[in-house]
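If you read the sequence from its start, that first residue is 1, and numbering goes on from there.
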Amino acid sequence: MTSASPDLVRTDRWLRLEGTTNTRDLGGLPTRDGGTTRPGRILRSDNLQTLSDADVRRLVEDVRLREVVDLRSTAEVLLEGRGPLRAVPAVEHRHFTLLPERGHHTDVFAVENADLPELPDDWADSVLPRQVAESDQGEPPAVRSYLGYLAHRPENVIAALRVLAADPGGATVVHCAAGKDRTGVVVAFTLAAAGVPHEEIVADYAMTADVIDALVAKLAASPTYAEDMVRRDVASHTPRAETVDRLLTLLDERYGGPLGWLSAHGFGPAEQAALRARLRD
């Protein structure tokens, strides 16, 4: 796939930074009641490890970033090391892996670079294989992966949403490695709680396709992700609207919608209202 020319890429919600490729604001989206989500509250992004000094200043001073919600696995966090935002006392970091993992880390951000040799050479094996429910066997691979986040780490999906619902006195960014899969699922629930309609949630998810070539190139430059990037072509990494459309449809059928899934997992009406208020009031 060839990415869109810079003149054709939608720019109204993109935050153009030197060190990221897929950062955008969740503000500016229409809601079912005729409103619009508020900018400057919640951002979504790819990995923040390569932010420049200018990026950090812009995020902290202009965007007023105060919190980072990191959805990567423990091994990813440790292998990538301390990103530049970790040196900013005003920015709180929270970690909620969406993958089933071997072992337990009570505070992944307390582990410094000196501890990295403790990771095994086959670090990827610390991520346990998912068991796919019989009812999901016929779904496309990406849909099965997304259902896996919800089946195997529902407590961390909920924990991430609880952080997003709280006002840290500025903006919060939620990210994973590419900012499309794990981030896409958490963002879909966030936007659903804010009253953004199904088709707009799908459109937001699909926007990553606008920057997929640059995104794959960025990840390929990191030893942590390079093998996966070169093993598969760009088309296989490109998000497809039908993936999250199918996820939302399954949530409708099984739970009465994303909010029904949240309620069934302990994130009830009061917390949903708080998350809605974060993006709306």
Side-chain angles (χ1 to χ4, degrees), residues 3-4 6-17 20-46 62-65 67 69 142-143 146 157 160-168 170-175 179-212 238-253 255-263 267-281:
S3 61
D7 292 332
L8 297 178
V9 172
R10 289 161 288 182
T11 59
D12 53 327
R13 293 176 47 231
W14 292 103
L15 182 62
R16 301 298 184 183
L17 299 170
T20 65
T21 301
N22 193 21
T23 305
R24 57 189 185 267
D25 199 311
L26 297 191
L29 289 169
T31 58
R32 290 190 181 89
D33 61 2
T36 306
T37 55
R38 295 285 297 275
R41 303 289 181 82
I42 301 176
L43 310 176
R44 59 178 296 168
S45 185
D46 52 321
D62 298 340
V63 180
R64 297 184 65 249
L65 182 69
E67 200 155 44
V69 175
V143 176
Y146 296 0
V157 173
L161 292 170
R162 285 184 173 135
V163 173
L164 295 180
D167 183 359
T172 301
V173 61
V174 56
H175 80 93
K180 65 183 179 75
D181 298 314
R182 291 166 284 188
T183 298
V185 170
V186 169
V187 165
F189 281 105
T190 303
L191 295 178
V196 174
H198 181 121
E199 63 273 13
E200 292 291 343
I201 296 174
V202 171
D204 172 72
Y205 169 84
M207 281 178 69
T208 294
D210 293 346
V211 296
I212 195 64
T238 303
R240 293 168 172 79
E242 55 265 30
T243 298
V244 80
D245 178 74
R246 179 59 179 163
L247 175 67
L248 293 172
T249 297
L250 289 173
L251 291 172
D252 288 342
E253 293 173 355
Y255 297 94
L259 302 189
W261 186 91
L262 293 177
S263 293
F267 193 88
E271 290 187 300
Q272 292 171 26
L275 183 54
R276 178 188 184 280
R278 182 80 196 284
L279 272 175
R280 295 293 304 276
D281 299 338

Exercise for the section: Would you sort out whether Thr249 and His198 count as a side chain to side chain contact (heavy atoms under 4.5 Å, CB included), showing the intermediate values? Expected result: CA-CA 9 Å; Thr249 297; His198 181 121; 3.9 Å; yes

Handout entry: Any donor-acceptor pair under 3.5 Å from Ser263 side chain to Gly268 backbone
Key = no

Fill in the blank from the handout: Asp204 meets the salt bridge (Lys or Arg N to Asp or Glu O under 4.0 Å) criterion, sequence neighbours left out, with Arg13, Arg24, Arg44

Exercise for the section: For residues Asp252 and Pro258, report the shortest heavy-atom separation together with the two atoms involved. Expected result: OD1-CD, 4.0 Å

Fill in the blank from the handout: Residue set satisfying salt bridge (Lys or Arg N to Asp or Glu O under 4.0 Å) with Arg276, at least two apart, ordered chain then number -> Asp33

Practice task
Check whether any side-chain heavy atom of Leu275 lies under 4.5 Å from a side-chain heavy atom of Arg162, and answer yes or no.
Solution key: no

Problem - Min side-chain heavy-atom separation Leu259-Pro269 under 4.5 Å - result: no

Practice task
Please determine which of Leu26, Ile42, Val187 meets the side chain to side chain contact (heavy atoms under 4.5 Å, CB included) test together with Leu164.
Solution key: Ile42

Handout entry: Trace of the side chain to side chain contact (heavy atoms under 4.5 Å, CB included) decision for Val186 with Arg182
Key = CA-CA 7 Å; Val186 169; Arg182 291 166 284 188; over 6 Å; no

Fill in the blank from the handout: Taken to the nearest 0.5 Å, the spacing of Gln272 CD from Leu262 CG works out to 5.0 Å

Problem - Nearest-0.5 Å distance, CG of residue Leu65 to CD of residue Glu67 - result: 9.0 Å

Completion exercise
Separation between OG1 (Thr31) and CG (Leu191), nearest 0.5 Å, reads 11.0 Å

Practice task
Drop me the distance from Ile201's CD1 to Thr190's OG1, to the nearest 0.5 angstrom.
Solution key: 9.5 Å

Practice task
Would you please classify the geometry between the Phe189 ring and the Trp261 ring as parallel, tilted or perpendicular, with 30° and 60° separating the classes?
Solution key: tilted

Practice task
Could you tell me which non-hydrogen atom of Asp46 sits nearest to which non-hydrogen atom of Asn22, and how far apart they are?
Solution key: OD1-N, 2.9 Å

Fill in the blank from the handout: CD (Glu199) and CG (Leu248) are apart, to the nearest 0.5 Å, by 10.5 Å

Problem - Interatomic spacing from CD in Glu200 to CZ in Arg32 - rounded to 0.5 Å - result: 10.5 Å

Fill in the blank from the handout: Of all heavy-atom pairs linking Asp25 and Gly40, the shortest is OD2-N, 2.9 Å

Problem - Closest non-hydrogen atom pair, Ser45 against Thr183 - result: O-OG1, 4.0 Å

Exercise for the section: Could you tell me which non-hydrogen atom of Arg278 sits nearest to which non-hydrogen atom of Pro168, and how far apart they are? Expected result: NH2-CD, 3.3 Å

Problem - Shortest non-hydrogen contact between Thr243 and Ala142, atoms and distance - result: CG2-CB, 3.6 Å

